[in-house]
Amino acid sequence: MTSRIDKNIIGYGDYDEEAESLHLGANSISLFLILCVCVIVAFKLDYLQWSYLKGLNEDLAFFIGLFSIIFGMGFYNYWRLGERSSYYLNIARTPTVPKDTIVLFEYKGYTCGVGYQPNTKTLEFPPLVRKVICVGILFNVALVTLDNSGFEKIKSLPSAFEPSTSEFCPEDDDGLDTTTIPAGCELIIRAYKLGYAKNLGACEPKKIDPEKMQVCRKRRYDEPYLHYMWRLLISSLKKQEAVFNRENLEKITDKFELQVNNLETLKDYKTYAINAAPRASHHIWTDLPYPQHIIIQKYREYLDPNYCLEQFQKQTNTIAVDANDERRNSKLLEHVYGHLLFNPKSKLTVGYCKEYKIHWNSDPDICEKLAANPERVLRDENALPEVKKVLHRHDVAKAILTLEDNLSEIESENDNESAENGTAKGSAPGYGEQGGARGSHRKRKKDVKTKIAKSKQEIRNKNEIVSFQCFMRSTEPNRKSNVSELTFDDTKFTVRTRYFPALETGGESQIAMYNGLAKLLANSFHYSQLTSRSEVKIEGVTKETPDVEQFLEKPSYLMARLDILKNVDIFLGNSWVLEREDLLKVYPYHVHLQNYVNKFREKYQERHGRL
Amino acid sequence: MSRTNFWVRMFMLLYVTVSLMTVSLNSGAAEPYLKDNRVAYVENVLQAFRQTKLQKIFNTFSYINAVEKNNCRSTLSDLKVQCLLSFARKNCSAAGSARLQEICELYSDIIVVNKLSEHVFISRSERYHLTRNSNLDFRTVLTNRLRQKYGKLVTQYTLTSWSDCKKDDLKCVAAGLDQFCLDYTNSNSLSWQYCMSASLWFIGTSKQD
C-alpha cells in the first residue's frame with residue numbers, strides 16, 4: 001500500500017520498485033538549485049521586475065540574450081551536463097538504503113543520502129530542459145551584473161584608451177595670434193573698419209602678452225613615442241635633482257625619523273579613522289524602564305545599531321502617550337532627548353546618536369556608585385571600553401597635533417636656512433625665482449600655522465567629550481540636584497543627578513521633561529522671554545489687546561485667531577494652554593520647539609560635543 | 001392636583017433640557033477647537049465656498065490684500081491679526097442677511113489665514129527669485145506660485161486614506177482634512193490652520209463657476 005502511494009507521489013521514471021528507492025541525478029538537482037538561487041537573487045534585487053526589464057536598452061537586451069545563449073551552452077557542454085550523473089541523491093525506505101550511500105538525514109522511515117554509481121539509472125531532466133536551465137542561469141547572471149550605465153561604459157571603453165587631443169600640443173603654432181576678439185564683437189569691429197564707429201569700446205581686442213605664454217611641453221603630433229618618453233624622463237630627473245639635494249635629504253630623514261618614533265600614534269590615528277571609532281561617549285542613567293519591550297530594545301542595540309539615525313530623523317513634533325502605559329515617561333524621555341540632541345530640523349548639530357547612551361532601568365544611586373568607583377560601574381554597564389577608546393583617541397589626536405607641529409618646524413628651519421643663504425648670495429628681494437620661492441614659503445608657513453591653531457581650538461577637553469549624568473524619578477517635589485566629581489584617566493568629570501517628579505500625560509509633562517532634561521545636559525541653560533520667539537509684550541502697546549484666552553474663545557474666525565498662539569510660548573509656562581486639550585491639538589509646536597532646541601544646543605555645545 | 005403636577009413636571013423637564021443645552025453650548029464655546037467643533041467649522045467653510053460665487057470670493061481676497069498692504073501693516077503679529085479681523089468683519093457686515101454675513105466670515109477667515117501664512121509658503125529668497133524671473137506682475141506670480149503649493153498639499157491629502165469620501169459628503173472631507181493637517185503639522189513645520197486654510201482655499205476655489 002505504502003509503495004503504491006510512494007509511486008504516485010514520485011511519479012514516472014526511475015523509480016526502483018524492488019529497492020523502493022528514488023535516484024535523483026546530481027546534475028539536474030545542482031542546475032535546478034543554481035537556477036533557484038539566481039532567480040531569488042535577481043528577484044530580491046528587483047532585476048526581474050517588469051518595469052526594469054522594459055527599461056533595458058535594446059543593445060543591452062540583445063547582449064544579455066546573446067551572452068546567456070552562448071555562455072549557457074558553453075557551460076552546459078564544458079561541465080558535461082548533458083550526460084547522466086554519476087552522483088545521485090537517493091531517497092529510499094530506511095531498510096533498503098544501499099551500503100555505499102552517505103546518509104544525510106532520516107525522516108519518518110525514509111532516508112535521504114548521496115550515492116555514487118556511474119551506471120545507475122538516475123532521474124534527470126530531459127536534455128532540452130537542462131539546456132534551458134543553463135541559459136536561464138547565465139541570463140540571470142548577466143541581468144544582475146550589467147545595467148544600462150555599466151553597458152554604456154563598456155561600450156565606450158575602446159574610445160577611452162585612444163589618446164585624447166588635449167594631451168598634444170596644438171598644431172597651429174606658426175600663425176600665433178597675439179590678439180583675441182571678444183565674442184559677439186565681429187559686427188562692431190567691421191563697422192569700425194568701415195568708419196561707422198569712432199572707437200571699439202568694450203570690443204577692443206585684448207592683446208596677449210607673449211611673455212606670459214608658456215612653452216607647450218606636451219607631446220607633439222608628429223613626435224615619436226621614444227623621444228617623448230626621453231623628454232619626460234629628463235624633466236623628471238631634473239625635478240628629482242632639485243628635490244633630493246643635501247638639505248632636503250636631511251629634512252626628509254629628520255621627518256622620517258620623527259614619524260618612526262611616533263609610529264604607534266600614527267597607526268592608532270589611522271586605525272581610529274578607518275574604523276570610524278567614536279569621537280565622544282555621553283552616558284545618561286535613569287531608573288525609568290525601557291521605552292520598548294526589552295527584546296525589541298536589545299535587538300536594536302545589538303543587531304540594528306543604526307536604528308537611532310533613522311528614529312531621530314523622522315521625529316514628530318509631539319508624542320502621544322497613553323495614560324495607562326507604564327513606559328510613558330520613558331517614551332517621553334526618549335522623544336525629548338532625540339529632539340534636544342539629534343533632530344536634524346534644528347540648524348545646529350551637537351551630537352551623533354551612536355555616541356550617546358541612555359542606561360534604562362538603572363539603580364537610583366548609580367551616580368553615587370559611579371563617583372565612588374568609576375571603573376567598576378562603567379565595566380558593569382558595558383561602557384568602559386568605549387569610554388577608554390574615546391579618551392585614548394583624544395590623547396592620539398593631541399599627539400598627532402604635536403607631531404604635525406614638530407614636522408612643520410623641521411620644514412620651516414630648513415626653509416629659513418635656504419632663505420638666508422639666498423639673501424646672502426645677494427639676490428634682489430622680490431625679484432626672480434628665489435624671491436618668489438621665499439614668498440611662497442612665507443605663505444605656506446602661515447597656512448600651516450593657521451591650520452594647527454585652528455585644530456588646537458577644535459580639540460575639546462576630555463570632560464567635554466565624555467560625560468556622565470543621572471536622570472531619576474523622585475516622589476519629593478522640587479528635589480535638588482546632586483553634583484559629585486570623579487577622576488578617571490587623570491581627568492575630573494562632574495557627575496550630575498537630576499530628579500524629576502512622576503509625570504502625568506498631557507502637554508505639561510512634555511514641557512516638564514524638556515526643561516528637566518535640558519537642565520541636566522546643560523546646567524547653565526536658561527530659557528526666558530528674551531530667548532523666546534514670542535513677541536515681547538510692551539507696556540502701553542499690548543495693554544489694550546484683549547486677553548489671549550478670551551480672544552480664542554470667540555466662535556467666529558476660528559482659524560485666524562489661532563495665529564495669536566505663535567506668541568504664546570508654552571516653554572515659558574503659559575499653563576492655561578497646557579490645560580486646554582483642544583488648543584494643544586492645534587498648537588504650533590514647531591515654532592517654539594525649534595527655537596527652544598536651537599537655544600539649548602547653543603548652550604550645550606559650549607561644554608559638550610565631539611572630538 | 002394632577003393638573004398642577006403635570007405642569008410642575010413639564011416645567012422641571014423644560015428647565016433640565018434648557019440647562020443641559022446651555023451647558024453643552026457653553027462647553028462648545030469655551031473649547032471651540034475640540035475635534036467635533038473643528039470638523040463642523042471646516043464643513044461650514046466648505047459649504048460657504050460652494051454657496052458663494054467665485055467672483056465674490058476673489059473680491060474679498062483683493063480687499064483683504066489691499067487692507068493688509070495699507071491699513072494693517074504692523075510688525076507686531078497680534079495687532080496685525082486683530083486689524084485684519086476687524087476689517088474682514090466690517091466687509092462682511094455689508095454682505096446682507098445674517099446667513100450671508102456668516103458665509104462671508106467663513107471664507108474671509110480662510111483668506112486672512114492664507115494672507116498670514118504667505119511668508120511660510122514662500123520664503124523671502126523664493127519671493128525674490130519669483131520677481132526676478134517672471135515678466136508678469138508680482139501679485140499674479142505670487143498667487144500662481146501659492147496656488148501650486150496649495151495644490152501640492154491637497155495632492156498629498158488625496159494620497160492618504162482620509163480622502164476616501166463621497167463627493168458630497170462634506171463632513172467626511174472636513175474630518176479627513178482635519179486629520180491630515182493634524183498629522184502634517186506634527187511631522188512638518190506648518191501650523192494646523194495654515195495647512196487647513198491652504199487646502200480649503202484650493203478645494204473651494206477649484207470649483208467650476
Counting only heavy atoms not in [X] (residues, nucleotides, ligands), do more than 12 fall under 6.0 Å from its [atom1]?
{"X": "A/Phe43", "atom1": "CZ", "value": "no"}
{"X": "B/Lys152", "atom1": "NZ", "value": "no"}
{"X": "A/Ile295", "atom1": "CD1", "value": "no"}
{"X": "B/Arg73", "atom1": "CZ", "value": "no"}

Report task. Quick one: which of A/Leu558, A/Ile319, A/Thr316 has the most heavy-atom pairs under 4.5 Å with chain B, could you say? Result -> A/Leu558
Query - Residue selection (most heavy-atom pairs with chain B, distance under 4.5 Å) from A/Asn317, A/Thr318, A/Leu565 - result: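 Looking at each option in turn, the highest pair count goes to A/Asn317.
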Please flag which part of [X] lies under 4.5 Å from any non-hydrogen atom of chain A: side chain, backbone, both or neither.
{"X": "B/Ser117", "result": "neither"}
{"X": "B/Arg89", "result": "both"}
{"X": "B/Ile110", "result": "side chain"}

Report task. Could you look at A/Lys314 and say if it's the side chain, the backbone, both or neither that has a heavy atom under 4.5 Å from chain B? Result -> neither
Query raised in the report: Which heavy atom of A/Ala560 sits nearest a heavy atom of B/Asp109, and at what distance?
Result: N-OD1, 2.9 Å
Query raised in the report: If you take all heavy atoms of B/Cys92 and A/Tyr557, which pair is closest and at what distance?
Result: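 Reported closest heavy-atom pair: SG-OH, 4.1 Å.
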**Report entry** Proximal to chain A - members of residues 178-189 of chain B, heavy-atom separation under 4.5 Å
**Finding:**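 So far as heavy atoms go, B/Leu182, B/Thr185, B/Asn186, B/Ser187, B/Asn188, B/Ser189 are the residues that approach chain A to under 4.5 Å.
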4.5 Å side-chain heavy-atom contact, [X] and [Y]:
{"X": "B/Tyr194", "Y": "A/Pro588", "result": "no"}
{"X": "A/Lys585", "Y": "B/Tyr33", "result": "no"}
{"X": "A/Ile564", "Y": "B/Val81", "result": "no"}
{"X": "B/Leu85", "Y": "A/Arg561", "result": "yes"}

Query - Heavy-atom pair count under 4.5 Å with chain A, highest-scoring of B/Lys115, B/Arg38, B/Glu105, B/Glu102 - result: B/Glu105
Requested in this report: Give the member of B/Leu84, B/Leu116, B/Leu106 that has the highest number of heavy-atom pairs under 4.5 Å with chain A.
Outcome: B/Leu116
Requested in this report: Working to the nearest 0.5 Å, report the span between CG of A/Leu562 and CE of B/Met196.
Outcome: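 Spacing of CG (A/Leu562) from CE (B/Met196) equals 10.5 Å.
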Requested in this report: Mind checking the CG-CG spacing from A/Asp582 to B/Asp36? Nearest 0.5 Å is all I need.
Outcome: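 A/Asp582 atom CG to B/Asp36 atom CG measures 11.5 Å (nearest 0.5 Å).
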Using atom types as modelled, flag every donor-acceptor pair under 3.5 Å from a side chain in residues 197-204 of chain B to any protein atom, sequence neighbours excluded.
unit_1	atom_1	unit_2	atom_2	d
B/Ser197	OG	B/Gln193	O	2.9
B/Ser199	OG	B/Cys195	O	2.7

Query raised in the report: Taking it one step at a time, do A/His590 and B/Ser191 satisfy side-chain contact (heavy atoms from CB on, under 4.5 Å)?
Result: CA-CA 8 Å; A/His590 60 278; B/Ser191 301; 3.4 Å; yes
